[in-house]
Number of protein chains: 4
Amino acid sequence: MPGPIQTVQNPKRRGTTKAEQRQTSMDLLLTSARRLFVSQGYRSTNLEQISGEAKLTKGAVYFYFRSKETVLLELLKQVQDIVVDQAIACVEVAGPTFTDKLVAYAHYQANLGITHRDEVLLLILMSLEFKERDGEVQDFITKLYRKQRSFIETLVRQGQEAGEFRSDVQGRELAASVLALHDGVFLEWFRRSGSLKGPELVRAMRTLFLCGLSVPHEPKI
Amino acid sequence: MPGPIQTVQNPKRRGTTKAEQRQTSMDLLLTSARRLFVSQGYRSTNLEQISGEAKLTKGAVYFYFRSKETVLLELLKQVQDIVVDQAIACVEVAGPTFTDKLVAYAHYQANLGITHRDEVLLLILMSLEFKERDGEVQDFITKLYRKQRSFIETLVRQGQEAGEFRSDVQGRELAASVLALHDGVFLEWFRRSGSLKGPELVRAMRTLFLCGLSVPHEPKI
Amino acid sequence: MPGPIQTVQNPKRRGTTKAEQRQTSMDLLLTSARRLFVSQGYRSTNLEQISGEAKLTKGAVYFYFRSKETVLLELLKQVQDIVVDQAIACVEVAGPTFTDKLVAYAHYQANLGITHRDEVLLLILMSLEFKERDGEVQDFITKLYRKQRSFIETLVRQGQEAGEFRSDVQGRELAASVLALHDGVFLEWFRRSGSLKGPELVRAMRTLFLCGLSVPHEPKI
Amino acid sequence: MPGPIQTVQNPKRRGTTKAEQRQTSMDLLLTSARRLFVSQGYRSTNLEQISGEAKLTKGAVYFYFRSKETVLLELLKQVQDIVVDQAIACVEVAGPTFTDKLVAYAHYQANLGITHRDEVLLLILMSLEFKERDGEVQDFITKLYRKQRSFIETLVRQGQEAGEFRSDVQGRELAASVLALHDGVFLEWFRRSGSLKGPELVRAMRTLFLCGLSVPHEPKI
DNA sequence: AATGAATGAGCATTCATTCAT
DNA sequence: GATGAATGAATGCTCATTCAT
């Protein structure tokens, strides 16, 4: 018979407290939202898909979040912590040379690609999807990117001043290239999921980073 | 039964032949569609925006194209010609070394970034937006990327065999990095439109290309 | 390349006068409209289909007719002549008994089913499709049906008075049954085009007509 | 991003359980859809009319049904039960003669004309409107008609073999005439809603059935 | 804690109709 | 005599959001 059939809420997660259940449901919703936003895009993902994958209904999303946009913002906050803040913290303890720091950065990111692939991709993809929109999401993403950029830029500039990195290209643009390579590698990986060997790709990326940044040993072009 | 409609037909494009008018309108529609698809995404652009920007109405789009998707396919055909085929043709006449060829490729692409920014971006952005969808668009994009990749991969492999490019990273992954850097640079430029100096960015990209690919002259890392 | 491709008007109907060409084009349009209205219905047939089948374009329809509705009205005028007026004329010269007249009517209609199938069906189908609409078409069809009905009713009533037809059912309802059987047979034929033998069906219809109308020869039910 | 919508939710169907509300709304929608499809045709009825008559909105139709077509299919399933299956069941228990069975069929249908006029008409009208279309609806209707036809045909053939019905016309065509008369009578009633006396019409129909089918008692025509 | 009913704005698409050429 | 360009109203359908339960 007709009508959208929703799964009957059978007594699940028995033996858990309300608070635990709350957390579980929220986590399920966030995880499926993240996965779907990454694979289909924000706009092309609807609340039925998100809640369905978490074995809940649309209404549940509104119980936990104010709106679809809030779900994304929540995800982006997680991203900020994992992808940006922890990367910065990790680089800060590395050293002593700036080359060491850059390698640490590359390694941290490469590792994220394995442990938190969707978080990394979410930031990149949403930055593109929300480019011309304005609102909280746009603002948040812009700030995140700005933070990331200025961190790398500082690193690159310091490396240049220390004579570790080449100075024949301006720091701002060199830093932009580093980020570009980073994002590009993740996107290419995303696009071809399966047909590329992750570790090899990371090695190639690191090689490009280092060789491209290092002081050239003889005139090129 | 809809009654007779009394619109005041503003005499537009008067004094032009049908053929000219056709070409003009189609070009206007394609140009505004391209611009909008790039800046807002395919799904977030509606036909009213596309036609409105060309001073036409939704109906006109359907006079020239079978559907919204057909508009995009038409644009992608142009992209294939400009961004992929001509790049390949351009590289083929360059030489004699593979390094020369790679530089020619980088220069051609860098130039496109100035003369055909939207065409380049369209391909990259649509490849991401249509990732999980299937249909004609997905197929077309996949083929385009495959062509581009296999071309670069061949170039990189030949350069490796000729001893010009480093061989400590597999050709496939090295080629992927080249494309990743390319796409990444364009996206970063797109994201920050205005705040980056194009020529400088291109120089940085070229440097990364060449230094990263060239045979290392002394042990690194 | 895009855009709806229309057949190029190659020099056709050469060696004919304008008037002849006019007539030819109008006839072509009317014939394809009739065929399409019958097979798909009025609303589901669009002007592109009508004109396309006549190797002309939408605009041509508007050159010859004021509107889509006018095309149908023109067709219905033809139907009036062939299906109703000529049937009446034909019956009037038949005789001498009312049974003879009824047989003449049945034969005329049966013959029409072969020579002018679409005209007969058009009236029946449009009477159903335009039932709740109002306007010229509705009016025209209503008048046609009224004419047909009152003609048959008179015939039946006269037959009853002459003692040829049974009088245990009121003339109005008996006449309605005759028309119902007539329309029903044509529709069933239409629905199953192909799987029914026309001549056999006509014989069955005639049998039902006559037996059902004739004075019963012994008590029934 | 659509902002929060401030509709004043008129508290409708308050005090009813979800299940009741569901049933009520679905029934209202189906009933108005049936009425409108019969009086205006499927294609000429829009979802606003259907939902409006049930004091709901377009969206509600999509809450209960997957598409406009699904609404029709649901209605046709009801028709199958009431108009075809129950008629067959009813005839099967009638007897002992085949004439008795035919009379039972006629009575059942005549009664339906009063209690379920729209259901009977829906099948007939949709069989015409969907003639050239293909898809689920067409398939369903074709199967229904086939079932009906083969049932009547068997009945007629058995009556012929038993010597109750005339054998000078082939069973297939005789059966077709019975259905034709049936459909024709309903359509004529539909077309002239109001100006025909139902019971009289039914008597006329039954008379035509019986007289036309019965073995002739003396040479006719 | 979560569901199910219902809404309404937005959107791609179809199509009769107009009009300059 | 007829075409091609363009319009705008209509319509099926999607989806974020609201709210009573």
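Residue numbers begin at 1 in each chain, while the letters A, B, ... track the order of the sequences.
With the nearest nucleotide of DNA chain F identified for both A:Tyr62 and B:Ala19, B:Ala19 has the one nearer the 5' end. Position along DNA chain E of the nearest nucleotide to B:Gly59 versus D:Val61 favours D:Val61 as the more 5'-ward residue. The residue among A:Ala60 and C:Arg66 whose nearest nucleotide of DNA chain E lies closer to the 5′ end is A:Ala60.
The phosphate of E:dA12 has neither OP1 nor OP2 within less than 4.0 Å of any side-chain N or O from B:Ser67. A sub-4.0 Å separation between OP1 or OP2 of F:dA5 and a side-chain N or O of B:Arg22 is present. The shortest distance between the side-chain N/O atoms of D:Gln21 and the OP1/OP2 oxygens of E:dA6 is below 4.0 Å.
Computed from coordinates, the D:Phe65 CZ to F:dT14 P distance equals 15 Å when rounded to whole Å. If you take NZ of C:Lys68 and C1' of E:dT14, they are 11 Å apart, rounded to a whole angstrom. Per the geometry, CD belonging to B:Gln23 stands 15 Å off C1' belonging to F:dG4, to the nearest Å. Between B:Glu20 atom CD and F:dA5 atom C1' the separation is 14 Å, expressed in whole Å. Between the CG atom of D:Leu28 and the C1' atom of E:dA6 there is a distance of 14 Å, given to the nearest Å. Rounding to whole angstrom units, CZ of residue B:Phe63 and C1' of F:dA6 are separated by 8 Å.
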Pairing pattern in dot-bracket form [Watson-Crick, G-U; both distances under 3.5 Å; | = partner strand] for DNA chain E: .||||||||||||||||||||

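Side-chain atoms of B:Gln49 come within 3.5 Å of backbone N or O of B:Asn46 as a donor-acceptor pair. In this structure a side-chain-to-backbone donor-acceptor pair under 3.5 Å is missing from B:Glu48 to B:Thr57. For the pair C:Glu129 (side chain) and C:Tyr42 (backbone), a donor-acceptor distance under 3.5 Å is present.
For the atom pair C:Arg35 CZ and C:Leu121 CG, the distance stands at 13.0 Å (nearest 0.5 Å).
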Check against side chain to side chain contact (heavy atoms under 4.5 Å, CB included), C:Leu28 and C:Lys55: CA-CA 9 Å; C:Leu28 278 169; C:Lys55 306 270 189 204; over 6 Å; no

Side chain to side chain contact (heavy atoms under 4.5 Å, CB included) between A:Phe130 and A:Glu136, worked out: CA-CA 10 Å; A:Phe130 281 80; A:Glu136 271 191 88; over 6 Å; no

Chi angles and distances behind the side chain to side chain contact (heavy atoms under 4.5 Å, CB included) call for C:Lys68, C:Leu47: CA-CA 7 Å; C:Lys68 186 184 175 185; C:Leu47 291 174; 4.1 Å; yes

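For B:Glu132, there are no salt bridge (charged side-chain N to carboxylate O under 4.0 Å, His left out) partners two or more places apart in sequence or in a different chain.
If you check residues 37-52 of chain D against DNA chain F, the residues with a heavy atom closer than 4.0 Å are D:Thr45, D:Asn46, D:Leu47, listed by number.
Interface remark: the D:Lys58 side chain does not form any donor-acceptor pair with the E:dT7 base, using a distance-only criterion of under 3.5 Å.
Of the candidates F:dA6, F:dT7, E:dT3, the closest approach to any side-chain atom of A:Thr57 belongs to E:dT3.
Between B:Gln78 and B:Leu30 there is a side-chain heavy-atom pair separated by less than 4.5 Å.
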